[in-house]
Enquirer: 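Here you go, one structure.
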2 protein chains.
Amino acid sequence: MKTSATREQIIEAADQLFYQQGFAHTSFSDIAGVIGISRGNFYYHFKSKDEILDAVINERLQNTQDMLDMWEEAASTPAARIRSYIHILLTNRDKIMRYGCPVGTLCGELAKLDHCERTESIRLFDLFRTWLRHQFTQLGHKEDADRLAMHVLAWSQGVATLANAYEDKDFIDQEIQMICTWLEAYTPPAKRPQHSSDALH
Amino acid sequence: MKTSATREQIIEAADQLFYQQGFAHTSFSDIAGVIGISRGNFYYHFKSKDEILDAVINERLQNTQDMLDMWEEAASTPAARIRSYIHILLTNRDKIMRYGCPVGTLCGELAKLDHCERTESIRLFDLFRTWLRHQFTQLGHKEDADRLAMHVLAWSQGVATLANAYEDKDFIDQEIQMICTWLEAYTPPAKRPQHSSDALH
DNA sequence: TAATAATTAGGACAAGCGTCCTAATGAGTC
DNA sequence: GACTCATTAGGACGCTTGTCCTAATTATTA
């Protein structure tokens, strides 16, 4: 059985709805309604709702890894690659203002539900963490690489949370600018690009 | 009708459970089980579940305001007051690692549920935002006061989100240190206390 | 003590949920 | 056309949910 078309549709619709409404608040009826199938035949493709969640997380893991690989090739310097990460705040700005960060909100919800898939969801954070750490290592930060990666992760998470609460476009833009300015202090002077820098940090 | 004892018990139990399990995932049975009352007499004290949520938010608003007022008196300088805020990350460290930030996670959940109490929950953020802004204003930051307040809010939210995901004590401690160090740069030199400062920012 | 009001317990209710079962439909092969 | 297998639709199921109703209980007052 290759990956069935219906199965793919279910995963995609669930992916969207889990993000927009949360996992627990999304029902089979919701998913079925979106793609126009009967509620009954979910169990031909999945054994349980949790298994759909597992498939959604794996889908996101794959997509995230692909995105990171793409950034790795597209951007020429580690600093530019980190900026690629920061700029998803801008690319997904409207969705973040409505639904928050898909990774942070999922991990948060599964933590509260004490759900067994919680561990899996954290692997999404791991992907970014490892990738960012790698970039900082390339910037010459041996000891601090992981701490800096966590710092960037936390920073972007905080921006997403407050952008979601206040639905504030300008706040996102400002913080992105601050992160980029902060980042320049961790870029080797030789490779440092010439930006305007009224450094806040 | 003064505030009934049972009513207070319901609000307090709901407050805890909404934090630990989330609002949607907490049932009347859950609350009833905790305080040992029947499921039936909720509707003597509240008209609906949403009204309980409203009462819980108002309770939190009151407690938060009291806490801010206390900090206002207890700490002698604006910088010390801001540090009071930062240190709730330390005081509530264990709970944050298990359940995240009570404000951030509630706002996030209500945003996904598109719940009518969402606006009320954001007032919790407003309380901190206004208070922090006031402190930064006192530090002499006229134009930037609100941006700096939002920055501190976002930073602490990010720390809570990742601390929750990774259940990492040390990460919280490190970030608190970073925030305090960062804060020194915004404290007038005359009043600036002598701390060790291997500044990361 | 008797009467009245406040408070509670317990269950009924309709609706929605995840799950499961079975008959019907579809596509592809002999 | 007949057969087989994959896929689907539709509904039944047991359970839980928020909500509501009513009788019982407790507290308060006369």
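Sequence lines set the chain letters: A, B, ... in the order given, protein chains first and strands last, and positions in each chain run from 1. Scope of the values below: all heavy atoms of this structure, side chains included, with no hydrogens, waters or symmetry mates.
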Enquirer: Run the salt bridge (charged side-chain N to carboxylate O under 4.0 Å, His left out) test against Glu120(B) and tell me which residues pass, sequence neighbours left out.
Expert: Arg123(B)
Enquirer: For Glu12(A), give me all partners under salt bridge (charged side-chain N to carboxylate O under 4.0 Å, His left out), at least two apart in sequence or on another chain.
Expert: none
Enquirer: For Ile37(B) and dT26(D), what is the distance between atoms CD1 and P respectively, to the nearest whole Å?
Expert: 16 Å
Enquirer: Give the residues of residues 13-36 of chain A touching DNA chain C, defined as any heavy atom closer than 4.0 Å, sorted by residue number.
Expert: Thr26(A), Ser27(A), Phe28(A), Ser29(A)
Enquirer: Angle between ring planes, Trp155(B) versus Trp155(A), binned at 30° and 60°: parallel, tilted or perpendicular?
Expert: parallel
Enquirer: Taking ring pair (Phe, Tyr, Trp, His ring centres under 6.0 Å) as the cut-off, I'd like each qualifying pair that reaches into residues 60-85 of chain A, sequence neighbours left out, listed once.
Expert: Trp71(A)-Trp131(A), Tyr85(A)-Phe128(A)
Enquirer: Quick one: what's the B/S/- string for nucleotides 20-29 of chain C, heavy-atom cutoff under 4.0 Å, read 5' to 3'?
Expert: BB--------
Enquirer: Between C1' on dT19(D) and OH on Tyr44(B), what's the gap in Å once rounded to a whole number?
Expert: 18 Å
Enquirer: Can you find a side chain N or O atom of Thr6(A) that sits less than 4.0 Å from OP1 or OP2 on dT8(D)?
Expert: yes
Enquirer: Only pairs at least two apart or in different chains count here, so list each salt bridge (charged side-chain N to carboxylate O under 4.0 Å, His left out) that has a residue in residues 158-167 of chain A.
Expert: Glu167(A)-Arg118(B)
Enquirer: If you look only at distance, which donor and acceptor atoms sit under 3.5 Å apart when one is on a side chain in residues 19-26 of chain A and the other is two or more places apart or in another chain?
Expert:
residue, atom, partner, partner atom, Å
Tyr19(A), OH, Lys95(A), O, 3.3
Tyr19(A), OH, Gly100(A), O, 2.6
Gln21(A), OE1, Thr26(A), OG1, 3.4
Thr26(A), OG1, Leu17(A), O, 3.3
Thr26(A), OG1, Gly22(A), O, 2.7

Enquirer: Please list all pairs passing the salt bridge (charged side-chain N to carboxylate O under 4.0 Å, His left out) test where one or both residues lie in residues 98-115 of chain A, with sequence neighbours left out.
Expert: none
Enquirer: Run the side-chain donor-acceptor check on residues 86-94 of chain B: report pairs under 3.5 Å with partners two or more places apart or on a different chain.
Expert:
residue, atom, partner, partner atom, Å
His87(B), ND1, Arg83(B), O, 2.9
Thr91(B), OG1, His87(B), O, 2.9
Arg93(B), NH1, Asp173(B), OD1, 3.0
Arg93(B), NH1, Asp173(B), OD2, 3.1
Asp94(B), OD1, Lys169(B), NZ, 3.4

Enquirer: The side chain of Ser48(A) is closest to which nucleotide in this list: dT8(C), dT19(C), dA9(D)?
Expert: dT19(C)
Enquirer: Does a side-chain N or O of His45(A) approach OP1 or OP2 of dA6(D) to a distance below 4.0 Å, or not?
Expert: no
Enquirer: Rounded off to whole Å, could you give me the CZ-to-P distance for the Phe42(B) and dT7(C) pair?
Expert: 16 Å
